[in-house]
Amino acid sequence: MVAPQDPREEVIQAWYMDDSDEDQRLPHHKDPKEFVSLDQLSELGVLSWRLDADNYETDEELKKIREDRGYSYMDFCEVCPEKLPNYEEKIKNFFEEHLHTDEEIRYCVAGSGYFDVRDRNEKWIRIWVKKGGMIVLPAGCYHRFTLDTDNYIKAMRLFVGDPIWTPFNRPHDHLPARKGYVQNFLQKEAGDSPIDAAA
(Lines give C-alpha, C1' and ligand atoms only; values in the text may rest on other atoms or scores of the structure.)
Protein backbone atom coordinates (compact mmCIF):
# COMPACT_ATOMS: atom_id res chain seq x y z
CA MET A 1 0.00 0.00 0.00
CA VAL A 2 1.38 3.42 -0.98
CA ALA A 3 1.82 5.83 1.92
CA PRO A 4 -0.15 9.06 1.48
CA GLN A 5 1.99 11.95 0.28
CA ASP A 6 2.97 14.49 2.90
CA PRO A 7 0.91 17.60 2.00
CA ARG A 8 3.94 19.77 2.77
CA GLU A 9 5.69 18.30 -0.29
CA GLU A 10 3.34 20.20 -2.59
CA VAL A 11 4.70 23.53 -1.33
CA ILE A 12 8.21 22.64 -0.06
CA GLN A 13 10.70 20.53 -2.01
CA ALA A 14 14.41 20.03 -1.47
CA TRP A 15 17.30 18.62 -3.45
CA TYR A 16 21.08 18.51 -3.61
CA MET A 17 22.53 21.26 -5.80
CA ASP A 18 24.97 20.93 -8.66
CA ASP A 19 28.25 22.86 -8.68
CA SER A 20 27.34 25.11 -11.59
CA ASP A 21 27.88 28.85 -11.27
CA GLU A 22 25.03 29.61 -13.67
CA ASP A 23 22.24 32.02 -12.66
CA GLN A 24 21.50 31.48 -8.94
CA ARG A 25 17.75 31.62 -9.70
CA LEU A 26 17.83 28.37 -11.71
CA PRO A 27 16.91 25.12 -9.90
CA HIS A 28 20.50 23.74 -9.99
CA HIS A 29 19.49 20.08 -9.84
CA LYS A 30 22.21 17.46 -9.97
CA ASP A 31 22.11 14.97 -12.86
CA PRO A 32 20.46 12.63 -12.02
CA LYS A 33 18.26 14.60 -9.63
CA GLU A 34 18.84 13.85 -5.94
CA PHE A 35 15.93 14.87 -3.73
CA VAL A 36 16.07 15.44 0.03
CA SER A 37 13.09 14.51 2.22
CA LEU A 38 11.49 16.86 4.71
CA ASP A 39 12.51 14.34 7.41
CA GLN A 40 16.14 14.73 6.32
CA LEU A 41 15.73 18.50 6.58
CA SER A 42 14.33 18.17 10.10
CA GLU A 43 17.48 16.25 11.07
CA LEU A 44 19.36 19.44 10.15
CA GLY A 45 16.96 21.44 12.33
CA VAL A 46 14.88 22.81 9.43
CA LEU A 47 11.19 22.67 10.37
CA SER A 48 8.34 22.96 7.89
CA TRP A 49 4.57 23.35 7.66
CA ARG A 50 1.94 23.66 4.97
CA LEU A 51 -0.57 26.39 5.81
CA ASP A 52 -3.53 28.14 4.16
CA ALA A 53 -1.86 31.18 2.60
CA ASP A 54 -5.17 32.59 1.35
CA ASN A 55 -6.48 32.89 4.91
CA TYR A 56 -3.39 33.63 7.00
CA GLU A 57 -5.22 36.35 8.95
CA THR A 58 -7.70 33.83 10.41
CA ASP A 59 -5.71 30.57 10.19
CA GLU A 60 -6.02 28.73 13.50
CA GLU A 61 -3.04 26.49 12.72
CA LEU A 62 -0.78 29.50 12.18
CA LYS A 63 -2.13 31.08 15.37
CA LYS A 64 -1.32 27.90 17.31
CA ILE A 65 2.22 27.70 15.87
CA ARG A 66 2.82 31.34 16.83
CA GLU A 67 1.53 30.76 20.36
CA ASP A 68 3.41 27.47 20.86
CA ARG A 69 6.72 28.89 19.59
CA GLY A 70 6.39 32.42 21.00
CA TYR A 71 6.37 34.22 17.65
CA SER A 72 5.02 37.54 18.87
CA TYR A 73 6.36 39.73 16.05
CA MET A 74 5.08 39.57 12.47
CA ASP A 75 5.60 41.57 9.29
CA PHE A 76 5.80 41.00 5.54
CA CYS A 77 8.65 41.28 3.08
CA GLU A 78 8.10 41.45 -0.67
CA VAL A 79 11.16 40.61 -2.72
CA CYS A 80 10.97 41.64 -6.37
CA PRO A 81 12.62 44.32 -8.51
CA GLU A 82 9.59 46.62 -8.27
CA LYS A 83 8.99 46.47 -4.50
CA LEU A 84 12.38 46.10 -2.81
CA PRO A 85 14.59 49.21 -2.55
CA ASN A 86 18.19 48.54 -3.61
CA TYR A 87 16.99 45.25 -5.10
CA GLU A 88 20.22 44.15 -6.79
CA GLU A 89 22.32 44.84 -3.68
CA LYS A 90 19.80 43.15 -1.37
CA ILE A 91 19.58 40.01 -3.53
CA LYS A 92 23.37 39.81 -3.57
CA ASN A 93 23.46 40.14 0.23
CA PHE A 94 20.72 37.51 0.72
CA PHE A 95 22.76 35.04 -1.36
CA GLU A 96 25.91 35.54 0.69
CA GLU A 97 26.26 32.54 3.03
CA HIS A 98 25.39 33.71 6.55
CA LEU A 99 23.78 32.78 9.84
CA HIS A 100 21.61 34.51 12.42
CA THR A 101 21.73 34.23 16.20
CA ASP A 102 17.96 33.58 16.22
CA GLU A 103 15.65 31.42 14.13
CA GLU A 104 14.76 32.60 10.65
CA ILE A 105 11.03 32.00 10.13
CA ARG A 106 9.57 32.54 6.67
CA TYR A 107 6.02 31.82 5.56
CA CYS A 108 5.49 32.18 1.81
CA VAL A 109 2.06 33.74 1.22
CA ALA A 110 2.66 34.43 -2.50
CA GLY A 111 5.30 33.59 -5.08
CA SER A 112 8.26 31.32 -4.32
CA GLY A 113 11.97 31.28 -3.57
CA TYR A 114 14.98 29.16 -2.66
CA PHE A 115 16.56 28.77 0.77
CA ASP A 116 19.89 26.93 0.59
CA VAL A 117 21.36 25.12 3.61
CA ARG A 118 24.32 22.77 4.03
CA ASP A 119 24.17 19.13 5.05
CA ARG A 120 26.57 17.54 7.55
CA ASN A 121 29.15 17.10 4.78
CA GLU A 122 28.97 20.75 3.67
CA LYS A 123 26.97 19.92 0.52
CA TRP A 124 24.38 22.50 -0.51
CA ILE A 125 20.70 21.55 -0.27
CA ARG A 126 18.24 23.81 -2.11
CA ILE A 127 14.82 24.21 -0.45
CA TRP A 128 12.11 25.48 -2.79
CA VAL A 129 9.36 27.17 -0.78
CA LYS A 130 6.14 28.00 -2.59
CA LYS A 131 2.86 29.64 -1.58
CA GLY A 132 1.59 27.99 1.62
CA GLY A 133 4.99 26.72 2.74
CA MET A 134 6.53 27.84 6.03
CA ILE A 135 10.03 26.96 7.15
CA VAL A 136 12.13 27.64 10.23
CA LEU A 137 15.90 27.74 9.88
CA PRO A 138 17.50 27.25 13.30
CA ALA A 139 19.78 29.81 14.91
CA GLY A 140 23.39 29.22 13.88
CA CYS A 141 22.53 27.44 10.60
CA TYR A 142 24.53 28.75 7.63
CA HIS A 143 22.17 29.51 4.75
CA ARG A 144 21.42 31.84 1.85
CA PHE A 145 18.33 32.95 -0.08
CA THR A 146 17.51 33.73 -3.68
CA LEU A 147 14.42 34.18 -5.78
CA ASP A 148 13.65 31.64 -8.48
CA THR A 149 13.13 32.62 -12.12
CA ASP A 150 9.65 34.04 -11.34
CA ASN A 151 11.44 36.86 -9.45
CA TYR A 152 8.79 37.28 -6.76
CA ILE A 153 8.07 36.22 -3.20
CA LYS A 154 5.92 37.71 -0.48
CA ALA A 155 6.87 36.23 2.85
CA MET A 156 5.58 36.65 6.36
CA ARG A 157 8.48 37.09 8.78
CA LEU A 158 7.94 35.91 12.35
CA PHE A 159 10.14 36.49 15.37
CA VAL A 160 10.26 35.96 19.11
CA GLY A 161 10.18 39.45 20.65
CA ASP A 162 11.76 42.41 18.87
CA PRO A 163 13.16 41.38 15.48
CA ILE A 164 16.91 41.26 14.93
CA TRP A 165 17.80 40.54 11.31
CA THR A 166 21.59 40.84 11.65
CA PRO A 167 23.36 38.47 9.23
CA PHE A 168 26.78 37.12 10.18
CA ASN A 169 28.55 36.11 6.98
CA ARG A 170 30.57 32.93 7.05
CA PRO A 171 32.86 32.29 8.88
CA HIS A 172 31.34 33.04 12.29
CA ASP A 173 31.95 29.65 13.91
CA HIS A 174 32.86 31.26 17.25
CA LEU A 175 29.33 32.54 17.92
CA PRO A 176 27.41 30.65 20.65
CA ALA A 177 24.48 30.17 18.23
CA ARG A 178 26.76 28.42 15.74
CA LYS A 179 28.37 26.25 18.40
CA GLY A 180 24.90 25.27 19.65
CA TYR A 181 23.74 24.39 16.13
CA VAL A 182 26.85 22.28 15.47
CA GLN A 183 26.41 20.44 18.77
CA ASN A 184 22.67 19.85 18.37
CA PHE A 185 22.47 18.95 14.69
CA LEU A 186 25.82 18.41 12.96
CA GLN A 187 27.85 16.31 15.40
CA LYS A 188 25.36 13.46 15.38
CA GLU A 189 26.57 10.37 13.62
CA ALA A 190 25.87 10.17 9.93
CA GLY A 191 25.84 6.45 9.21
CA ASP A 192 28.55 5.05 11.45
CA SER A 193 31.11 7.83 11.25
CA PRO A 194 30.89 11.03 13.29
CA ILE A 195 31.25 14.20 11.24
CA ASP A 196 33.65 16.89 12.33
CA ALA A 197 31.38 19.86 11.69
CA ALA A 198 34.11 22.41 12.33
CA ALA A 199 36.18 21.14 9.39
Side-chain angles (χ1 to χ4, degrees), residues 11-15 17-18 20-28 41 45-59 62-63 65-66 69-118 124-173 175 177-178 181:
V11 294
I12 301 169
Q13 296 168 357
W15 55 82
M17 295 183 69
D18 64 19
S20 161
D21 57 5
E22 281 187 280
D23 186 343
Q24 67 194 42
R25 298 168 308 138
L26 295 172
H28 285 279
L41 289 181
V46 178
L47 306 178
S48 56
W49 291 265
R50 181 185 183 160
L51 299 170
D52 181 0
D54 290 322
N55 296 293
Y56 58 80
E57 291 164 346
T58 56
D59 186 356
L62 175 61
K63 184 179 174 188
I65 293 167
R66 290 187 64 183
R69 299 184 66 84
Y71 299 152
S72 53
Y73 176 89
M74 182 268 284
D75 72 6
F76 291 92
C77 180
E78 272 188 292
V79 182
C80 62
E82 301 76 27
K83 297 278 178 83
L84 189 67
N86 304 317
Y87 170 79
E88 293 295 340
E89 182 187 341
K90 290 267 177 64
I91 280 292
K92 191 176 167 196
N93 290 343
F94 293 159
F95 200 62
E96 192 74 37
E97 186 175 4
H98 64 278
L99 61 76
H100 303 284
T101 54
D102 297 277
E103 290 180 336
E104 178 167 317
I105 306 108
R106 296 291 182 270
Y107 173 19
C108 178
V109 297
S112 51
Y114 295 126
F115 295 84
D116 300 339
V117 299
R118 289 191 184 272
W124 280 115
I125 296 171
R126 172 148 281 189
I127 307 168
W128 192 20
V129 181
K130 297 179 269 188
K131 179 181 176 180
M134 182 166 108
I135 64 168
V136 174
L137 304 179
C141 170
Y142 283 123
H143 63 282
R144 61 190 185 187
F145 170 79
T146 187
L147 292 172
D148 58 24
T149 51
D150 288 340
N151 283 322
Y152 179 76
I153 191 170
K154 181 178 181 180
M156 179 187 291
R157 305 189 297 182
L158 299 166
F159 206 85
V160 177
D162 293 328
I164 302 167
W165 311 122
T166 309
F168 294 93
N169 288 351
R170 190 169 189 172
H172 265 85
D173 294 346
L175 291 177
R178 179 61 184 173
Y181 178 73

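Source: prediction; values computed, not measured.
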Novice: Kindly indicate whether the side chain of Leu51, heavy atoms from C-beta on, has any atom under 4.5 Å from the side chain of Val109.
Specialist: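 The answer is no; the side chains never approach within 4.5 Å.
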Novice: Calculate, to the nearest 0.5 Å, the distance between atoms CG and OH belonging to Leu175 and Tyr181 respectively.
Specialist: 15.0 Å
Novice: If you take all heavy atoms of Gly45 and Pro138, which pair is closest and at what distance?
Specialist: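 Scanning both residues, the minimum pair turns out to be O-CD, 3.2 Å.
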Novice: Please check this pair: side chain of Asp150 against backbone of Tyr152, looking for a donor-acceptor N/O pair closer than 3.5 Å.
Specialist: no
Novice: Does some side-chain heavy atom of Trp128 sit less than 4.5 Å from a side-chain heavy atom of Pro27?
Specialist: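 Of all side-chain heavy-atom pairs linking Trp128 with Pro27, none is under 4.5 Å.
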Novice: Can you find a heavy atom in the side chain of Thr101 that is under 4.5 Å from one in the side chain of Thr166?
Specialist: no
Novice: Report yes if the distance between the aromatic ring centroids of Trp49 and Tyr107 is under 6.0 Å, otherwise no.
Specialist: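 No.
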Novice: Is any side-chain heavy atom of Cys108 closer than 4.5 Å to one of Val11?
Specialist: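 Result no, sub-4.5 Å side-chain heavy-atom pair not found.
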Novice: Any side-chain heavy atom of Gln24 within less than 4.5 Å of one from Ile91?
Specialist: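 Of all side-chain heavy-atom pairs linking Ile91 with Gln24, at least one is under 4.5 Å.
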Novice: Could you tell me which non-hydrogen atom of Glu96 sits nearest to which non-hydrogen atom of Arg144, and how far apart they are?
Specialist: O-CB, 4.1 Å
Novice: Quick check for you: to the nearest 0.5 Å, what is the distance between Cys141 atom SG and Glu103 atom CD?
Specialist: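 One finds 11.0 Å between SG of Cys141 and CD of Glu103.
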Novice: Can you tell me how the ring of Phe145 sits relative to the ring of Phe115, calling it parallel under 30°, perpendicular over 60° and tilted otherwise?
Specialist: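 Taking Phe115 first and then Phe145, their aromatic rings sit tilted (interplane angle of 30° to 60°).
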Novice: Do the side chains of Arg69 and Ile105 get nearer than 4.5 Å, heavy atoms only?
Specialist: no
Novice: Could you tell me whether the side chain of His143 reaches within less than 4.5 Å of the side chain of Ile127, counting heavy atoms only?
Specialist: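 The answer is no, as the side chains (C-beta and beyond) never meet within the 4.5 Å cut-off.
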Novice: Nearest heavy-atom pair of Ala14 and Leu41: which atoms, and what distance?
Specialist: CB-CD1, 3.9 Å
Novice: Distance check, rounded to the nearest 0.5 Å: Ile153 atom CD1 versus Cys80 atom SG?
Specialist: 11.0 Å
Novice: So among Asp59, Thr58, Asp52, which one has a side chain to side chain donor-acceptor pair (under 3.5 Å) with Asn55?
Specialist: Asp52
Novice: Looking at Lys90, I'd like to know if its NZ atom is crowded, meaning that more than 12 non-hydrogen atoms belonging to other residues, nucleotides or ligands lie closer than 6.0 Å.
Specialist: yes
Novice: Verify, without hydrogens or angle tests, whether His28 (side chain) and Asp21 (backbone) share a donor-acceptor contact under 3.5 angstrom.
Specialist: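 Checking the backbone N and O of Asp21 against the side chain of His28, no donor-acceptor pair under 3.5 Å is found.
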Novice: Taking the six-membered ring for Trp, are the ring centroids of Phe76 and Tyr56 within less than 6.0 Å of each other?
Specialist: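 Yes.
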Novice: For a quick test of reading the model, state the closest non-hydrogen atom pair linking Gly140 to Leu99 and the distance between them.
Specialist: O-CD2, 3.8 Å
Novice: Can you tell me if Thr149 uses its side chain to pair, donor with acceptor, with the backbone of Arg25 under 3.5 Å?
Specialist: no
Novice: What is the minimum heavy-atom distance between Ser72 and Arg66, and which atoms define it?
Specialist: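 What the structure gives for the nearest pair is O-NH2, 3.2 Å.
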Novice: So how far is it from Met134 CE to Leu158 CG, rounded to the nearest 0.5 Å?
Specialist: 6.0 Å
Novice: Before you tell me yes or no, could you show the steps for Lys83 and Lys154 under side chain to side chain contact (heavy atoms under 4.5 Å, CB included), namely the whole-Å CA-CA distance, both residues' side-chain angles and the distance that decides it to 0.1 Å?
Specialist: CA-CA 10 Å; Lys83 297 278 178 83; Lys154 181 178 181 180; over 6 Å; no
Novice: Side-chain contact, heavy-atom cut-off 4.5 Å: Lys131 with Asp54?
Specialist: yes
Novice: Crowded around Asp162 CG? As in, over 12 foreign heavy atoms under 6.0 Å?
Specialist: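 Counting other residues, nucleotides and ligands, CG of Asp162 stays at 12 neighbours or fewer.
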Novice: So, does Tyr142 use its side chain to make a donor-acceptor pair with the main chain of Arg178 at under 3.5 Å?
Specialist: no
Novice: Mark yes or no: Arg126 above the aromatic ring of Tyr114, with NZ or CZ under 6.0 Å from the six-membered ring centre and no more than 45 degrees from the axis.
Specialist: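 Pair Arg126/Tyr114 counts as cation-pi.
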Novice: Can you see which heavy atom on Val160 is nearest to which on Tyr71, and at what distance?
Specialist: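 Residues Val160 and Tyr71, closest heavy atoms: CG2-CD2, 3.7 Å.
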Novice: So how far is it from Ile164 CD1 to Phe159 CZ, rounded to the nearest 0.5 Å?
Specialist: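 One finds 5.0 Å between CD1 of Ile164 and CZ of Phe159.
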